Amino acid sequence: MSGAIPERAVELLGEVRRRRPRIHCLMNSVVPKFVADGLSALGAIPSMTSSPEEVGHFVAKADALLVNLGTLDAQRREAIGIAVDVADEKGRPWALDPAHCDYSPPRAAFAQELLARGPAVLRANAAEYDLLAVPADVVAVRTGKADRIAWNGAVLHVENGHPLTALVTGTGCLSGAVIAAFLAVEADPFLAASAAMLVFGIAAEMAGKTATGPGSFEPALLDALASLEGTHILQFAKADNEQG
Ligand SMILES: Nc1ncnc2c1ncn2[C@@H]1O[C@H](COP(=O)(O)OP(=O)(O)O)[C@@H](O)[C@H]1O
Ligand SMILES: Cc1ncsc1CCOP(=O)(O)O
Ligand SMILES: [Mg+2]
C-alpha cells in the first residue's frame, strides 16, 4: 500500500476546495455541462470557451487547462494551439485527453503532436493509450476498471471505482478535468494525478451505493464529488504501487 498518497489526496482535496482554482476546459461538444458541473461540485471553477479570440485571455488567468480532443473541429484545433501557447508562456499546467483518437488517424496524430508540447498529464482510456507514445516527462494515466498512473519509473494502481461509471458518457472527460483541478494546487504531477484518480474513484463508489442505474448514477456522482470527505478517502482508498 502506498501510504502517503491517500493522506496527500486528503490535503489536496482541501486545497482545491479552499483555493477554488479556475480550470479552463477545451471540451468536446457532448459533455461540457457535465464536466463543468463536476468541477463545480468538486470545489473548482470551470470556464469553457473555445473561441479563438478569447481563449488566450481565459487561459492566461486560469490555474490549469484541460485539452480534450472529442468532437474536434477546425476552430477547436486553432483554440487548442493558442491555449497551449499561452499555458506554456504563463507556466500553467495542462492535461491532455485524446478522446476517441483511436477512431481517427488525424486525431491520433494531433494528440501525438500535443504530447510533444509538454502537458503535465495524459489521461486516456486503454484503446487511446495504446496508440500513443507518451514522452518520459508526461505523467501517463490509463483509466479503466483500475486506473494506472505512471511517471519516472513510479507506477500506482487505483482500484477504486464503480462499474456504472463506464455507462455514463463523459465520466472519462470529467476525470481529466479533476486531474487538471489537482494540477492547479499541486506542482508534482504524479501526486496530483494520483490524488485526482483516488478522489474520482471513491466518489464513484459512493455514488454507486445509492444509484439504481446510469441515469441516477450521474447526479449521484456530482453529489458525491461535493460531499466526499477526507475520512472517506482514508477509509476507502485502494491504491497500490505496481510490483516490478
Ligand atoms: N469497469 C469499470 N469499473 C469501474 N470504473 C470504471 C470501469 N471502466 C471505466 N471506469 C472508470 O470510468 C472513468 C472513465 O474511464 P474510461 O471508460 O476508461 O474512459 P473513457 O470514458 O474516456 O472511455 C474512469 O474514472 C474509470 O476509472
Ligand atoms: C467523450 C465522448 N463520449 C461519447 S461521445 C464523446 C465525445 C467525442 O466524440 P467524437 O468521437 O465524435 O469526437
Ligand atoms: Mg468509457
Side-chain angles (χ1 to χ4, degrees), residues 9 25-39 41-42 48 50 66-77 79-80 95-111 114 119 121-132 134 139-150 156-182 192-209 211 213-214 217-218 220-222 224-225 228 233 236-240:
C25 303
L26 287 170
M27 187 45 56
N28 63 65
S29 60
V30 179
V31 291
K33 169 79 163 68
F34 178 54
V35 170
D37 281 347
L39 281 173
L42 181 71
M48 311 296 286
S50 293
L66 171 65
V67 173
N68 178 299
L69 301 188
T71 58
L72 190 61
D73 58 21
Q75 180 181 303
R76 285 240 320 294
R77 269 183 188 255
I80 288 166
L96 175 64
D97 184 333
H100 291 180
C101 71
D102 52 324
Y103 297 171
S104 157
R107 193 179 296 182
F110 188 48
L114 287 170
V121 177
L122 171 79
R123 192 300 306 175
N125 69 27
E128 296 151 1
Y129 188 93
D130 287 348
L131 268 184
L132 299 169
V134 187
V139 174
V141 178
R142 186 189 68 205
T143 53
K145 186 171 181 303
D147 302 315
R148 181 179 186 273
I149 301 112
L156 188 78
H157 285 251
V158 172
E159 306 270 350
N160 297 100
H162 192 279
L164 283 173
T165 321
L167 298 186
V168 175
T169 299
T171 50
C173 306
L174 176 54
S175 72
V178 171
I179 289 171
F182 279 79
S194 301
M197 297 319 295
L198 258 184
V199 163
F200 195 75
I202 293 169
E205 279 178 18
M206 290 167 62
K209 286 177 185 156
F217 182 78
E218 184 174 321
L221 179 59
L222 297 178
L225 285 167
L228 182 69
I233 298 176
F236 298 124
K238 284 184 254 164
D240 284 289

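This one's a predicted model, so the numbers in the text were calculated from it and none came from an experiment. When reading the values below, keep in mind they use all heavy atoms of this one structure, side chains included, and skip hydrogens, waters and symmetry mates. Each ligand, and each atom within it, is numbered from 1 in the order the structure gives.
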Non-hydrogen atoms of [X] and [Y] that approach each other most closely:
X	Y	answer
A9	F182	O-CE2, 4.3 Å
G70	R107	CA-NH1, 3.5 Å
V139	A193	CG1-CB, 4.1 Å
L228	M206	CD1-SD, 3.3 Å

Taking 4.0 angstrom as the limit and counting only heavy atoms of [X], give me the atoms of ligand 1 inside it, by number and element.
X	answer
G144	5 (N), 6 (C), 7 (C), 8 (N), 9 (C), 10 (N), 11 (C), 18 (O), 26 (C), 27 (O)
F200	25 (O)
T165	11 (C), 12 (O), 13 (C)

(message) Taking distance alone, with N or O pairs closer than 3.5 Å, would you say H100 contacts ligand 2?
(response)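 Such a contact does occur with ligand 2.
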(message) Under 3.5 Å between any N/O of R107 and any N/O of ligand 2: does that happen in this structure?
(response)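 Yes, R107 has an N/O under 3.5 Å of an N/O on ligand 2.
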(request) If you have a sec, work out which protein heavy atom is nearest atom 4 (C) of ligand 2 and how many Å separate them, to one decimal? (result) T169 CG2, 3.5 Å
(message) Just to confirm my output: which protein heavy-atom neighbour is closest to atom 13 (O) of ligand 2, and how far is it?
(response) T71 N, 2.6 Å
(request) Find out whether C101 and L69 are in side-chain contact, i.e. whether some heavy atom of one side chain is under 4.5 Å from a heavy atom of the other. (result) no
(request) To the nearest 0.5 Å, tell me how far N68 CG sits from H100 NE2. (result)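 Between atom CG of N68 and atom NE2 of H100 there are 9.5 Å.
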(message) Please report the interatomic distance CD(E159) to CG(L198), rounded to the nearest 0.5 Å.
(response)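 Those atoms lie 11.0 Å apart.
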(request) Indicate, as side chain, backbone, both or neither, the part of R123 found under 4.0 angstrom from ligand 1 when only non-hydrogen atoms are considered. (result) side chain
(request) Please state which part of D147 comes within less than 4.0 Å of ligand 1, counting heavy atoms only: side chain, backbone, both or neither. (result) side chain
Minimum non-hydrogen distance to [atom], winning option of [options]:
atom	options	value
atom 1 (C) of ligand 2	G172, C173, C101	C173
atom 4 (C) of ligand 1	H162, R142, E159, E205	H162
atom 18 (O) of ligand 1	V158, T143, V31	T143

(message) Using the side-chain contact (heavy atoms from CB on, under 4.5 Å) definition, which of the options L122, D97, V158, I149 pairs with V141?
(response)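 That would be I149; it is the only one of L122, D97, V158, I149 passing the side-chain contact (heavy atoms from CB on, under 4.5 Å) with V141.
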(message) Donor-acceptor pair, distance only, cut-off 3.5 Å: does the side chain of S29 make one with the backbone of T71?
(response) no
(request) Indicate yes or no: does an N/O atom of A166 lie under 3.5 Å from an N/O atom of ligand 1? (result) no
(message) Can you confirm, on distance only, whether ligand 1 has an N/O atom lying under 3.5 Å from any N/O atom belonging to N125?
(response) yes
